[in-house]
Each structure stands twice: as structure tokens, then as C-alpha cells.
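Computed over heavy atoms, backbone and side chain alike; hydrogens, waters and symmetry mates excluded.
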Amino acid sequence: MARVVKVFRTLRNHWKKSTFAVCVLSYGGHWLYGKHCDSVLLREACIEAREFGQKVIGPQEHLKKATIILNPAACKGKANNLFEKNAAPILHLAGMEVKIVKTDYEGQAKKLMELMEQTDMLIIAGGDGTLQEVITGLLRRADEETFSKIPIGFIPLGSSNSLSQGLHLVSDNKVQHITSATLSILKGETVPLDVLSIKGEKEQPVFALLSLRWGAFRDVASSISKYWYLGPLKTRAAHWFSSLKQWPQSHQASLSYLGPVPRPPDLPTETPPRPNLLYRIYRRLQNYWNPPIEEPPKEPEPERWESRDVSTLELSVSTHNKNPVKRRVDDSMLISLDPDSLTVGQFITEGTKKAVNPMESIEDTLQIEASAACLKLPEEGAGFYDIDNEEYEAMSVEVRLLPRKLRFFCNAERREQLAEAQ
């Protein structure tokens, strides 16, 4: 008992050192526990991946080839380490022939896609920027009709992984997020995604999976990091300082758009069984004696464009890929025009929300469903676009929707969650 009293007396007399020691031990224990949980998650994922690798393949079958485009600079240079620790072991245990191509500089992924050979699957390991570059390079190819049929996997390794919310289980744990995304590639379930084709007057088209943004909220979001020293107040401060420099921050443009297009029925995923020989002979004879009458091709209806001059705080064009399993009658993209009548206080409040979710709609926002749009901007002072969170110089562009252009691997549980949320 005397020893216990002595210990407590020592702790009381050296309370500063004791407090520091408790903080260090608590932090160290929490860090070790997190590492243990990550190790357990990775081990379970590797066990599941090994089951795929132990499957017997026939003599006429070949190992699946996977081409991986890895951006080591993503996530502030941590992407390569994250991939090697959490994704690469799963892919190798699954028994796939893996070819890893690492990018060295910004824009290289577009050039690499021009040289890519035929593969069973394409895996993009990086963030929004890497994803946008690979998709643009893929769809710029002369034989893009063939290569766009290759299923695509996305391993979220970037600081911003906006598309991941529609494909994978949402998790704050980086290891769980990566392992879940990698396992969904092995399981092979896919969903079709729409693509935005964005073409300037002289430039090659740029392709996006999520959105194009132009306006005040986008401009402020790009400057928030400058106010890092203000901590949690940096987002509000950035919007306030922006309003001091210029107010109101309305943007004028000329907008033309086409209405949505009716969505054709989905093609059957399974090939119907071949009819028996007698039936096939009967059909051939019938077509020979009574050939079907071919109807003359219908003339295409002229496109009906609607035009308007807009004055808006921010204009955005977005796909519906946030919920790719939602049933829709039309193939369309969403044009949003935020009102320019906000007060400074409303601008700061709504801008803080949009910094977290850029597609957050505000009150009195005009939303238009369209299949194509032409945006004509003023020649000077147009600013910049955000195309899938990547900055481009703003210019007059034509935006067209390519419905269900690409197929991405998705998590089955996440697909069920999104289907229930309809």
C-alpha cells in the first residue's frame, strides 16, 4: 500500500511530466491500434483474393491481363506506397497478369493511353486528375469504340476521389477504402457511366465523368488553401475576402442547349440460346421465298436548340454518375445556374457548403436537363473551368453527353445501397 501511495505522490509532484507521458502513451496506443486494424483488414482482403487465384482455369483459357495506370504523385506523394501495401498484394494473389505503368509528370497519362495495347481490364490508381487524364486519352484514340468496351477499375489513391462515392463503400479508413475498391475489381460487377465530351473551338476534346464548373464558388475554392493559417475558418475567410475584392460576382454568358433524349432499353446481358437446326432451315427458306420488306430510312429530325442569356453566380454541367444505378427515362446531363442575387452572408454560407460538396444545390437554383449544350463566354476575363476538379482555361465550349459510354467495376453492397436510396 505504501508503494501505491508513493507512486501517486510522485505523479502529483511531477504532474507536468505525468500529463505529457499520458498524452504520448495515449497517442502511441491509438496509433498502434489503428495499425493493427489496418493489418487485419488487409489480411482478410488477401485471404479473399487468394480464393480467386486458386480457381482452376481451362486449357483454352488465359490469365486475365490487367493494365494499371499509377500516379505516384497523388495524395501528396503517398500513392505509390499506398498502392504497394494495400492494392498490389490483392491483385497478385488473385492470379492476374499485372502490368503497372507509372506516370512521371502531369498529362503523361493521356499520352500513355495512345500506346496502350489490348487488355482484359484497365485499372486507374490515383485521384480525380489521373482518372480524368486516362479517360480523355482513352476516348481520343482512333479506335476508341473498341477500347471503350474494356471494363475499368478505379482504386482511390488521390486527395480527391469524387467518383468513388458512386462505386465503392464510403469509409474514412483509407486502407478499407482501397482494399474494398480492389476486391470489387476481382468480383467483376460493373455499372455503365455517362461521359461528358467538352470541346473548344480549336482544342481537342476533354472528357469528364462528373462535372464542369465555372463561376465564383469555383474561383474561391481554388484559393482556400492560401488561408491555411486560419484553420477551420479558412473557407469562410476565403469567401469573405473574395466578396471584398469584387461584389456582386455575377458571370454573364450565352447558353444554348438541346433537351434530353429518350433512353433506349438496356441490351440483354446474356446471349439467347441458338435455335435448333430445323427451325433455322425453316427461317432461311421463309426469308428466301418471302423476303422481308425493308423500310426506307427515316430522315433525322432537326435539332431543336433553345437559347438564353444567363447571369449567374456559378454555372455547372454535371452527369448523374453519383448514383449510376438510378433508373432514368431519359439520357441527360444537368445544367445548374446559381442565382446571382445572394447577399454576402448567403454567399459565404453557401460557399462553405459547396467547398465540401461542389454539386450542392442552393435555393432558387435553375436546373435544366439537356443532352448537349453550347456555352459562349466573353472573350476577356472568362477565368477558369474546373473539369472533374482539374483546372482548365475557360473558353467557349460545346458539351455533349455520351450516355453509358464506359463500364466501371463497382462494389455490390454499394450498388444495393444506391438502389435502395432511389
TODO: Before giving the answer on side chain to side chain contact (heavy atoms under 4.5 Å, CB included), spell out for I152 and F409 the whole-Å C-alpha distance, their side-chain angles and the decisive distance to 0.1 Å.
DONE: CA-CA 6 Å; I152 302 173; F409 292 106; 5.8 Å; no
TODO: Might you confirm whether atom OH of Y105 has over 12 heavy atoms from other residues, nucleotides or ligands at distances under 6.0 Å?
DONE: yes
TODO: Check T119 against K65 and note the closest heavy-atom contact, atom names and distance.
DONE: OG1-O, 3.0 Å
Open item on the list: I'd like to check M333 versus V399 (side-chain heavy atoms, cut-off strictly below 4.5 Å). Are they in contact?
Closed with: yes
Task: Test item: N321 side-chain N/O and L209 main-chain N/O as donor-acceptor pair under 3.5 Å - done: yes
TODO: Measure the spacing between CG of L163 and CG of L210 and express it to the nearest 0.5 Å.
DONE: 5.5 Å
Open item on the list: With heavy-atom distances below 4.5 Å as the criterion, would you say the side chains of T365 and P339 are in contact?
Closed with: yes
- [ ] Spell out, as yes or no, whether a donor-acceptor pair under 3.5 Å connects the side chain of R407 to the backbone of K149.
- [x] no
Open item on the list: Counting only heavy atoms not in E117 (residues, nucleotides, ligands), do more than 12 fall under 6.0 Å from its CD?
Closed with: no
Task: Under 3.5 Å side-chain donor-acceptor pair for S242 and Q249 - done: yes
Open item on the list: Less than 3.5 Å apart, any donor N or O on the side chain of T146 or E144 sitting next to an acceptor on the other?
Closed with: no
Open item on the list: Strictly distance-based, threshold 3.5 Å: is any side-chain N or O of T312 a donor or acceptor partner for the main-chain N or O of D338?
Closed with: yes
Open item on the list: I'd like to know whether NE2 of H62 has more than 12 heavy-atom contacts from other residues, nucleotides or ligands below 6.0 angstrom.
Closed with: yes
Open item on the list: With a 6.0 Å cut-off (strictly less than), is the heavy-atom count around CD of Q367, excluding the residue itself, greater than 12?
Closed with: yes
- [ ] Output the distance between atom NE2 (H168) and atom CG (N161), rounded to the nearest 0.5 Å.
- [x] 9.5 Å
- [ ] Tell me yes or no: between the side chains of S332 and E369, is some donor less than 3.5 Å from an acceptor?
- [x] yes
Task: Among S164, S159, S160, the one residue meeting side-chain hydrogen bond (donor to acceptor under 3.5 Å, both in side chains) with D128 - done: S160
Open item on the list: Could you report the tightest heavy-atom contact between E84 and P89, atom names first, then the distance?
Closed with: O-CD, 3.3 Å
- [ ] Could you pull out the closest heavy-atom pair between S243 and W247, with the gap in Å?
- [x] O-CB, 3.4 Å
TODO: Return yes when atom CD of E413 has more than 12 non-hydrogen atoms of other residues, nucleotides or ligands closer than 6.0 Å, and no otherwise.
DONE: no
Open item on the list: Quick one, I123 and T67 - any side-chain contact, counting heavy atoms below 4.5 Å?
Closed with: no
TODO: Test side chain to side chain contact (heavy atoms under 4.5 Å, CB included) on L334 and I368 and set out the steps.
DONE: CA-CA 6 Å; L334 184 64; I368 304 170; over 6 Å; no
Open item on the list: Once rounded to the nearest 0.5 Å, what's the spacing between atom NE2 of H177 and atom CG of L169?
Closed with: 8.0 Å
Task: From CA spacing to verdict: side chain to side chain contact (heavy atoms under 4.5 Å, CB included), M395, E201 - done: CA-CA 9 Å; M395 63 183 71; E201 295 178 355; over 6 Å; no
Task: CG-CZ distance between L406 and F147, expressed to the nearest 0.5 angstrom - done: 13.5 Å
Task: Expected output: side-chain E391 to main-chain D386 donor-acceptor under 3.5 Å - done: no
Please set out all donor-acceptor pairs under 3.5 angstrom arising from side-chain atoms of residues 180-187, sequence neighbours excluded.
| residue | atom | partner | partner atom | Å |
| --- | --- | --- | --- | --- |
| S180 | OG | N411 | ND2 | 3.3 |
| T182 | OG1 | I178 | O | 2.8 |
| S184 | OG | A181 | O | 2.6 |
| K187 | NZ | E48 | OE2 | 3.2 |

TODO: Measure from the side-chain N and O atoms of R141 to the backbone N and O of M113, and report whether any donor-acceptor pair falls under 3.5 Å.
DONE: yes
Task: With sequence neighbours excluded, residues passing ring-ring contact (aromatic ring centres under 6.0 Å, His included) with W305 - done: none
Open item on the list: So for atom NZ, which belongs to K322, do other residues, nucleotides or ligands contribute more than 12 heavy atoms lying within a distance under 6.0 Å?
Closed with: yes
Open item on the list: How long is the straight-line distance from CG of L402 back to OG1 of T319, given to the nearest 0.5 Å?
Closed with: 11.0 Å
TODO: Determine whether R308 and V310 make a side-chain contact, defined as any pair of heavy atoms from C-beta on separated by less than 4.5 Å.
DONE: yes
Open item on the list: I need the minimum non-hydrogen distance between L342 and Q346, along with the two atoms involved.
Closed with: CA-OE1, 3.4 Å
Open item on the list: Angle between ring planes, F217 versus F347, binned at 30° and 60°: parallel, tilted or perpendicular?
Closed with: parallel
Task: Distance-only polar pair, side chains of D388 and S211, donor-acceptor under 3.5 Å - done: no
Open item on the list: Determine whether a donor-acceptor pair (N or O, by modelled atom type, separation under 3.5 Å) exists between the side chain of S371 and the backbone of G259.
Closed with: yes
TODO: Apply salt bridge (Lys or Arg N to Asp or Glu O under 4.0 Å) to the pair R415 and E189, showing each step before the final yes or no.
DONE: CA-CA 10 Å; R415 183 170 185 166; E189 186 166 345; 3.2 Å; yes
Open item on the list: Side chains of E106 and E390, heavy atoms from C-beta outward: is any pair under 4.5 Å?
Closed with: yes
- [ ] Could you walk me through whether F207 and K405 pass the side chain to side chain contact (heavy atoms under 4.5 Å, CB included) test, one step at a time?
- [x] CA-CA 11 Å; F207 297 91; K405 183 66 176 178; over 6 Å; no
- [ ] Compare every heavy atom of R400 with every heavy atom of L258, then report the nearest pair and how far apart it is.
- [x] CD1-NH1, 4.2 Å
Open item on the list: Using modelled atom types and a 3.5 Å cut-off, is there a donor and acceptor pairing between side-chain atoms of D194 and backbone atoms of R404?
Closed with: yes
Task: Check: N71 and L157 side chains under 4.5 Å, non-hydrogen atoms - done: no
Task: K64 atom NZ, over 12 foreign heavy atoms within 6.0 Å - done: no
Please list, one pair per line, the donor and acceptor atoms closer than 3.5 Å that link side chains of residues 221-239 to other protein atoms, with sequence neighbours excluded.
| residue | atom | partner | partner atom | Å |
| --- | --- | --- | --- | --- |
| S222 | OG | D219 | O | 2.6 |
| S223 | OG | V220 | O | 2.9 |
| H239 | ND1 | T235 | O | 2.8 |

TODO: Determine yes or no for a side-chain-to-main-chain donor-acceptor pair under 3.5 angstrom, with S39 supplying the side chain and K35 the backbone.
DONE: no
TODO: Could you tell me whether D330 and R263 have a side-chain N and a carboxylate O separated by less than 4.0 Å?
DONE: no
- [ ] Calculate, to the nearest 0.5 Å, the distance between atoms CD and OG belonging to E314 and S250 respectively.
- [x] 13.5 Å
Task: Exam field: side chain R414 to backbone Q165, donor-acceptor pair closer than 3.5 Å - done: yes
TODO: Ignoring hydrogens and angles, tell me if any N or O in the side chain of T103 forms a donor-acceptor pair with the backbone of A109 under 3.5 Å.
DONE: no
Task: Test item: I150 and Q118 side chains (from C-beta on) under 4.5 Å apart, heavy atoms - done: yes
Open item on the list: On a heavy-atom basis, which atom in T179 and which in N86 lie closest, and how many Å separate them?
Closed with: CG2-O, 3.7 Å
